[in-house]
Enquirer: 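Following this message is one structure expressed as structure tokens.
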Amino acid sequence: MSKLVFIETSTSLCSTAIAENGRIVSSRKSTEPRAHASMTAVFIKEMLDECGLQMGDIDAVAVSAGPGSYTGLRVGVSTAKGLCFGSGIPLISVSTPEILAWQAIEGGLLPQGCKTILPMIDARRMEVYTAPFSPSGERLGDIAPVVLDSTSFADEFAAGPVLIIGDAADKCRELFPSAGFVQCCPEASSMLTPAMKKFEAHDFEDVAYFEPFYLKQFVATVGKKLF
């Protein structure tokens with residue numbers, strides 16, 4: 001009788017969900033700019049109230065581990081840690097590319113005969129964070145930053161039909177005209193399968209020391225405006 005809270009804030013979409021016994025029973029999402037800090041905790045409270053639950057009834061919290069937006073990931077992970085510390089429950093992490101892969105699989109988005117899913121998270125210009133996945137959700141390579149050109153992923157395209165999914169999908173269309181494309185952000189409800197697998201295996205993070213997977217160091221810049 002497991003009950004899990006899911007938090008996904010790695011991109012421009014702020015998304016949360018609750019699952020009971022392997023089924024999503026409530027969800028929230030917002031594309032409002034900079035909504036993550038103000039809405040994540042509000043969404044969780046609304047969902048708990050909707051389901052007649054309290055945090056003491058929850059068995060674990062699952063959060064997107066990145067890569068993705070530095071600020072978004074910090075908000076999501078900080079919220080998840082606070083809930084886990086406050087309720088004494090375990091923390092589960094799911095990588096952002098894996099969430100997108102399962103979003104494609106469970107959303108029926110795979111093209112016929114698909115051999116490879118390429119989740120692509122925008123890293124500005126022609127750079128993305130990505131890793132190849134099989135149609136069954138198995139990760140086939142490391143998650144890495146990639147600067148795209150027409151020769152990228154030659155082996156994957158040679159193997160058969162490819163689906164590109166994520167918030168960087170649209171900027172790949174001219175480079176990879178043979179691929180299928182789904183322009184979208186990862187959603188919390190798509191964490192269900194990988195998070196449940198980790199929950200059942202007791203594959204939990206150390207709440208005190210867990211950090212998001214940024215791939216790159218955050219660099220603060222100084223504006224050019226003169227004061």
Side-chain angles (χ1 to χ4, degrees), residues 1-66 68-69 71-109 119 121 137 165-167 182-205 207 210 212:
M1 300 292 287
S2 60
K3 299 178 181 67
L4 276 67
V5 166
F6 303 142
I7 300 172
E8 216 308 322
T9 57
S10 66
T11 64
S12 60
L13 181 70
C14 177
S15 176
T16 62
I18 289 179
E20 289 192 54
N21 306 320
R23 183 175 63 89
I24 299 295
V25 294
S26 183
S27 64
R28 296 287 190 280
K29 59 185 177 181
S30 173
T31 57
E32 182 181 342
R34 296 176 293 277
H36 300 57
S38 61
M39 296 305 299
T40 303
V42 172
F43 283 167
I44 293 168
K45 177 65 164 59
E46 288 179 355
M47 293 189 306
L48 290 170
D49 290 346
E50 181 180 282
C51 297
L53 299 171
Q54 298 180 350
M55 276 307 302
D57 301 315
I58 301 299
D59 297 296
V61 176
V63 67
S64 176
S69 159
T71 302
L73 289 170
R74 294 302 296 177
V75 169
V77 170
S78 296
T79 303
K81 282 187 170 188
L83 294 173
C84 290
F85 271 125
S87 301
I89 57 178
L91 176 67
I92 297 168
S93 71
V94 182
S95 77
T96 310
E98 187 172 10
I99 296 168
L100 283 166
W102 281 102
Q103 199 157 310
I105 294 165
E106 296 184 336
L109 303 176
I121 302 147
I165 182 171
D167 66 348
V182 179
Q183 174 73 17
C184 67
C185 293
E187 298 192 13
S189 57
S190 297
M191 301 171 73
L192 178 62
T193 296
M196 286 301 301
K197 288 180 179 179
K198 284 195 166 186
F199 179 75
E200 291 167 359
H202 292 153
D203 183 2
F204 303 133
E205 303 293 343
V207 177
F210 175 73

Enquirer: With rounding to the nearest 0.5 angstrom, report the SG to NZ distance, C51 to K3.
Expert: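 Answer for the SG-NZ pair, C51 versus K3, is 10.0 Å.
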Enquirer: For C184 versus L100, what's the shortest heavy-atom pair and its separation?
Expert: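 Nearest pair, atom of C184 first, then L100: SG-CD2, 4.2 Å.
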Enquirer: Return the set of residues passing side chain to side chain donor-acceptor pair (under 3.5 Å) with S190 (not counting sequence neighbours), or none when no residue passes.
Expert: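 Counting only residues at least two positions away or on another chain, S190 forms a side chain to side chain donor-acceptor pair (under 3.5 Å) with Q103.
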Enquirer: What is the minimum heavy-atom distance between C14 and F43, and which atoms define it?
Expert: O-CE1, 3.9 Å
Enquirer: CD/E8 to CG/L73 distance, rounded to the nearest 0.5 angstrom?
Expert: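 Result: 8.0 Å between the selected atoms.
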Enquirer: Any chance you could measure R23, atom CZ, to S2, atom OG, to the nearest 0.5 Å?
Expert: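 These two atoms lie 11.5 Å from each other.
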Enquirer: Using the six-membered ring wherever Trp is involved, compare the ring planes of F199 and H202 and label them parallel, tilted or perpendicular (cut-offs 30° and 60°).
Expert: perpendicular
Enquirer: If we only count heavy atoms from C-beta on, is the P186 to S10 side-chain gap below 4.5 Å?
Expert: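 Heavy-atom side-chain distance check passes, below 4.5 Å.
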Enquirer: Is the number of heavy atoms from other residues, nucleotides or ligands within 6.0 Å of NZ (K81) greater than 12?
Expert: yes
Enquirer: Name all residues meeting the side chain to side chain donor-acceptor pair (under 3.5 Å) criterion together with E205; count only those two or more places apart in sequence or in a different chain, and write none if there are none.
Expert: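 With neighbours one apart ignored, the set is S93.
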Enquirer: Hey, are the side chains of T79 and V63 touching, using non-hydrogen atoms and a 4.5 Å cut-off?
Expert: no
Enquirer: Roughly how far, to the nearest 0.5 Å, is the CD1 atom of I165 from the CG atom of L109?
Expert: 5.5 Å
Enquirer: Keeping S87 on the side-chain end and I89 on the backbone end, is there a donor-acceptor pair under 3.5 Å?
Expert: no
Enquirer: Do L83 and I7 have side-chain heavy atoms sitting under 4.5 Å apart?
Expert: yes
Enquirer: side-chain contact (heavy atoms from CB on, under 4.5 Å) between I24 and F6: does it pass, once the steps are laid out?
Expert: CA-CA 10 Å; I24 299 295; F6 303 142; 3.7 Å; yes
Enquirer: Using side chain to side chain donor-acceptor pair (under 3.5 Å) as the criterion, list what pairs up with T40, not counting sequence neighbours.
Expert: none
Enquirer: Where do G137 and W102 come nearest, in terms of heavy atoms and distance?
Expert: CA-CZ2, 4.0 Å
Enquirer: Considering non-hydrogen atoms only, spot the tightest contact between S27 and M47 and give its length.
Expert: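 So the minimum-distance heavy-atom pair works out to CA-SD, 3.7 Å.
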Enquirer: Between OG1 of T193 and CD1 of I99, what distance do you get to the nearest 0.5 Å?
Expert: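 Reported value, rounded in 0.5 Å steps: 11.5 Å.
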Enquirer: Going from CZ on R28 to OG on S15, what distance comes out if it is rounded to the nearest 0.5 angstrom?
Expert: 11.0 Å
Enquirer: Do I121 and S69 touch side chain to side chain, with heavy atoms closer than 4.5 Å?
Expert: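 Not touching, per the 4.5 Å side-chain cut-off.
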Enquirer: Walk me through whether L48 and I58 qualify under side-chain contact (heavy atoms from CB on, under 4.5 Å).
Expert: CA-CA 9 Å; L48 290 170; I58 301 299; 4.0 Å; yes
Enquirer: Would you say H36's side chain and T11's backbone share a donor-acceptor pair under 3.5 angstrom?
Expert: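 Yes.
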Enquirer: Just so I know, are the side chains of V5 and T16 near enough to count as touching, which here means a heavy-atom distance under 4.5 Å?
Expert: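 Side chain of V5 against side chain of T16, heavy atoms only: no contact under 4.5 Å found.
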Enquirer: Is there side-chain contact between I92 and D203, with at least one heavy-atom pair below 4.5 Å?
Expert: no
Enquirer: Looking only at heavy atoms, which two atoms of L13 and S30 are closest? And how far apart?
Expert: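 For L13 and S30, the tightest heavy-atom pair comes out as CD1-O, 3.5 Å.
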Enquirer: Taking all atoms of both residues into account, what is the closest heavy-atom pair of P212 and V77, and its distance?
Expert: CG-CG2, 3.5 Å
Enquirer: Do D49 and E46 have side chains that get closer than 4.5 Å, going by heavy atoms?
Expert: no
